[in-house]
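This chain uses plain numbering: 1 for the first residue, then up along the sequence.
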Amino acid sequence: VQLQASGGGLVQAGGSLRLSCAASGRTFSSYTMGWFRQAPGKEREFVAAISWSASSTYYADSVKGRFTISRDNAKNTVYLQMNSLKPEDTAVYYCAARYSTQKALTIVVVTISRLYDYWGQGTLVTVSS
């Protein structure tokens, strides 16, 4: 699976952005998709995940209620709608794919970056105060 993330940019605090991640290659609908982010000088952290069927989602506490993950399997694309952005959301955002045919997310698994099989190149989000 090849992943291509896009949609990053510069936005003021309180603003919104929508990230997209287009997948090509193997069957997109067989993969749990996740978003991670890495701020300068910090480790990569989990942001959100969605099951292959979109029936299950999970969010980091820091983004819950502000970010929404979704997917369109017909378009082989996963999205991350980010609202009420804060300066601390500034980071490079990465999409990732993990092979799974389970309808429900296994939380302890989807939050761990090393358990994902494929990664996109990242897109930079900068939130100014």
- prompt: Going through the checks in order, is the side-chain contact (heavy atoms from CB on, under 4.5 Å) test met by Val1 and Asp117?
  reply: CA-CA 9 Å; Val1 175; Asp117 303 306; over 6 Å; no
Derivation and outcome, side-chain hydrogen bond (donor to acceptor under 3.5 Å, both in side chains), residues Ser16 and Asn83: CA-CA 4 Å; Ser16 298; Asn83 299 329; 2.9 Å; yes
message: Could you walk me through whether Leu19 and Val125 satisfy the side-chain contact (heavy atoms from CB on, under 4.5 Å) test, starting with their C-alpha distance in whole Å, then the side-chain angles of each, then the deciding distance to 0.1 Å, before giving a yes or no?
response: CA-CA 9 Å; Leu19 305 183; Val125 173; 4.0 Å; yes
query: When you look at Phe67 and Leu85, which way does the side-chain contact (heavy atoms from CB on, under 4.5 Å) test go after all the steps?
result: CA-CA 9 Å; Phe67 290 12; Leu85 283 161; 3.8 Å; yes
- request: Could you walk me through whether Ser113 and Trp119 pass the side-chain contact (heavy atoms from CB on, under 4.5 Å) test, one step at a time?
  value: CA-CA 10 Å; Ser113 60; Trp119 288 84; 3.6 Å; yes
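For Arg71, the salt bridge (charged side-chain N to carboxylate O under 4.0 Å, His left out) criterion is met by no residue, not counting sequence neighbours. With sequence neighbours excluded, the residues satisfying side-chain contact (heavy atoms from CB on, under 4.5 Å) with Ser51 are Ser53, Ser55, Ser56, Leu105.
In this structure, the ring of Phe46 has its center less than 6.0 angstrom from the ring center of Phe36.
One N or O on the side chain of Ser100 and one on the backbone of Gln102 form a donor-acceptor pair closer than 3.5 Å. When atom types are taken as modelled, the side chain of Gln38 and the backbone of Lys42 share a donor-acceptor pair closer than 3.5 angstrom. A donor-acceptor distance shorter than 3.5 angstrom exists from the side chain of Thr123 to the backbone of Gly8, with no hydrogens or angles considered.
Distance CH2/Trp35 to OH/Tyr94: 12.0 Å, rounded to 0.5 Å. Remark: Tyr99 OH to Ser30 OG distance equals 5.0 Å, nearest 0.5 Å. Between Arg98 atom CZ and Met33 atom CE the span is 13.0 Å, to the nearest 0.5 Å. For the atom pair CD (Glu88) and CZ (Arg37), the distance works out to 8.0 Å, reported to the nearest 0.5 Å. The distance from the CD1 atom of Ile50 to the OG1 atom of Thr68 is 10.0 Å, given to the nearest 0.5 Å. Rounding to the nearest 0.5 angstrom, the gap separating the OG1 atom in Thr27 from the CG atom in Asn76 is 8.5 Å.
A salt bridge links Asp61 with Lys64: the closest approach of a Lys/Arg side-chain nitrogen to an acidic carboxylate oxygen falls below 4.0 angstrom.
No chain of hydrophobic side-chain contacts below 4.5 Å, direct or via other Ile, Leu, Val, Met, Phe, Trp or Tyr residues, connects Tyr116 to Trp52. Neither Leu115 nor Val110 shares a network with the other; the hydrophobic side chains, linked directly or stepwise wherever heavy atoms of I, L, V, M, F, W or Y lie under 4.5 Å apart, form separate groups for each. The hydrophobic clustering, which links ILVMFWY residues whose side-chain heavy atoms are closer than 4.5 Å, places Leu124 and Tyr93 apart.
Under 3.5 Å, the side chains of Arg18 and Tyr79 contain no donor-acceptor pair of N or O atoms.
A 4.5 Å side-chain heavy-atom check between Thr77 and Phe28 finds every atom pair outside the cut-off.
Under the 30°/60° scheme for interplanar angles, the aromatic rings of Tyr118 and Tyr31 are found to stand perpendicular.
Of all heavy-atom pairs spanning Ala13 and Ser129, the tightest one is CB-CA, 4.4 Å.
Applying the side-chain contact (heavy atoms from CB on, under 4.5 Å) test between Val78 and each of Ile69, Asp72, Leu3 identifies Ile69 as the sole match.
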